[in-house]
Amino acid sequence: MSEVKFSKEHEWIKLDGDTATIGITQHATEMLGDIVFVELPEIGSSVAKDGNAGVVESTKAASDIYTPVSGKIIENNQSIVDDPAKVNSDPENEAWFFKLKITNKSEMDLLMNKEDYEKFSKESSN
Amino acid sequence: MENKKTALNSLHKKYGAKLVTFAGYEMPIQYSKSIIEEHKSTRENAGIFDVSHMGQLSIKGNNSLAEDLEKIFPTDLKNCKLNQSKYSFLLNDEAGIHDDLIITKVVGGYNVVLNAACKYSDFELLKKLLGDKYEINLSEELSLIAIQGPKAVQILEKIIHTVSELKFMNGNTFNYLDESIYITRSGYTGEDGFEISMKNKYAELFTEKLINGGANLIGLGARDTLRLEAGLCLYGHDMDINKSPIEANLKWAISKNRIISGGFIGFKKIKFQIENGINKVRVGIKPEGRIIARANTVIFSEDNKNIGEITSGTFGPSIQVPIAMGYIESSFSKINTKIFLEVRGKKYPASISSLPFYKKSYVKGANK
């Protein structure tokens, strides 16, 4: 069974074996507004936990995307680069950002489960 | 310091506005989830904007007023017809822009609409420049509501009959309930529309009528994308005290006869710049692809020379490409010149574009 966790930077991460799929949450898209630009990390590049792994821009401003775990990028989702509005319409499914090969599975333990994240995002938007 | 509130503050909240601080006021940045939707509804239907934070100044006086105002503003005010509006500037001696404004000739004097962030300093400056010869007042009792977009005229006509007869950049007094209100056919979105000045106590009811008529409330977020698509400057970004109207590419706003006759503040510098050229000029910029270059992005030439800086940049929802404006060395200002924009340490290709990015649909017919 795959495990979905959430970060304080409003990313979601789904782990299947040692492959993690990462995107931004519905709550994040609501805070950002219309996404009009997406930049993703290059395939083959290594990213470190909480490090920069892309950029999204709304009509208002640019925001960095962070990776909640360390690993090597094995795939990125070109369809959201071509059509950034997809991030607003389906952020937690089709509009995933990138996949990586996780190097340290214990980093998953530091992240929030769905229930905790919902509480966290509710509090942080007040 | 606590933010000021416009007369529409509770209406903004009622309609779910996300409120932000802008020029010392609590103002709506957006009402819906999508700034793009608000933008498009203005272009396709009609948008309502609370612009009551802007300064509404009145100057009353006798026949010498036009002459004295011409010593300040670079605009032909002596030949300004009753109810005609003109875009103008408050300049310093070096032709740096204190503020850009709209001045309208009304019975007994002039109305001036000023930027919110500049209105108090403008007021003090104008009092100093005009002395105590004239009655000059910055209103706190008036609201200013704009309705913009292709359906603006039909929605407003249902509330204010004969308003559709107004020509672009012209105004008039109309009756609303038992009050007289002043309406000009103008705006800052690149669309046909109106700006309605009325007492604060009527603002909420009037806005509800516009909503019932089919117009949507629009926040500052979409106001910014709309004005940038229309190639219009935002004070403090695309123009400021260090730039002249000539450098801001707004020479058209200085009346031709005033360029010859002079006698206004900053004239010497403007004349010099017209005769000798300028080093930097405001241009439109279109990045290639989807990259967005925002304010302070550095502009490079093809041979990697720093040649300027972006002052506004966003994604244009109606034209579906990123757009920007900025100041660039004059020799690179020709349309289609290839340039590079440094965003997050990487250089992206772009080119100089004509302005506006989005073609205006003003109702013409007014005298210039």
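Naming convention: chains lettered A, B, ... in sequence-line order (proteins, then strands); numbering from 1 in each chain. Bear in mind that the values here come from a model prediction, so they are computed numbers and not experimental data.
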Interface moiety of A/Thr29 toward chain B, non-hydrogen atoms closer than 4.5 Å:
neither
Are there over 12 heavy-atom neighbours, none belonging to B/Lys18, within less than 6.0 Å of that residue's NZ?
yes
Taking atom NZ of A/Lys14 as the centre, report whether more than 12 heavy atoms of other residues, nucleotides or ligands fall under 6.0 Å from it.
no
Check whether B/Ile29 gets within reach of chain A through its side chain, its backbone, both or neither, counting any heavy atom under 4.5 Å.
side chain
Rounded distance [0.5 Å steps], CD1 in B/Ile36 versus OG in A/Ser58
9.0 Å
Taking atom CD of A/Glu115 as the centre, report whether more than 12 heavy atoms of other residues, nucleotides or ligands fall under 6.0 Å from it.
no
A/Asp34 backbone acceptor or donor facing B/Ser34 side chain under 3.5 Å:
no
How close do A/Lys60 and B/Arg294 get, counting heavy atoms only, and between which atoms?
O-NH1, 3.3 Å
Atom NZ of residue position A/Lys119 - does it have more than 12 heavy atoms of other residues, nucleotides or ligands inside 6.0 Å?
no
Strictly less than 4.5 Å between heavy atoms, which residues of residues 76-103 of chain A line up against chain B? Please order them by number.
A/Val81, A/Asp82, A/Pro84
Between the CD1 atom in B/Ile291 and the CD atom in A/Glu39, the distance rounded to the nearest 0.5 Å is 5.5 Å
Has B/Arg290 got a side-chain atom pairing as donor or acceptor with A/Val38's backbone, closer than 3.5 angstrom?
no
Could you check whether atom NZ of A/Lys49 has more than 12 heavy atoms from other residues, nucleotides or ligands sitting under 6.0 Å from it?
yes
For B/Gln30, is it the side chain, the backbone, both or neither that has a heavy atom under 4.5 Å from a heavy atom of chain A?
side chain
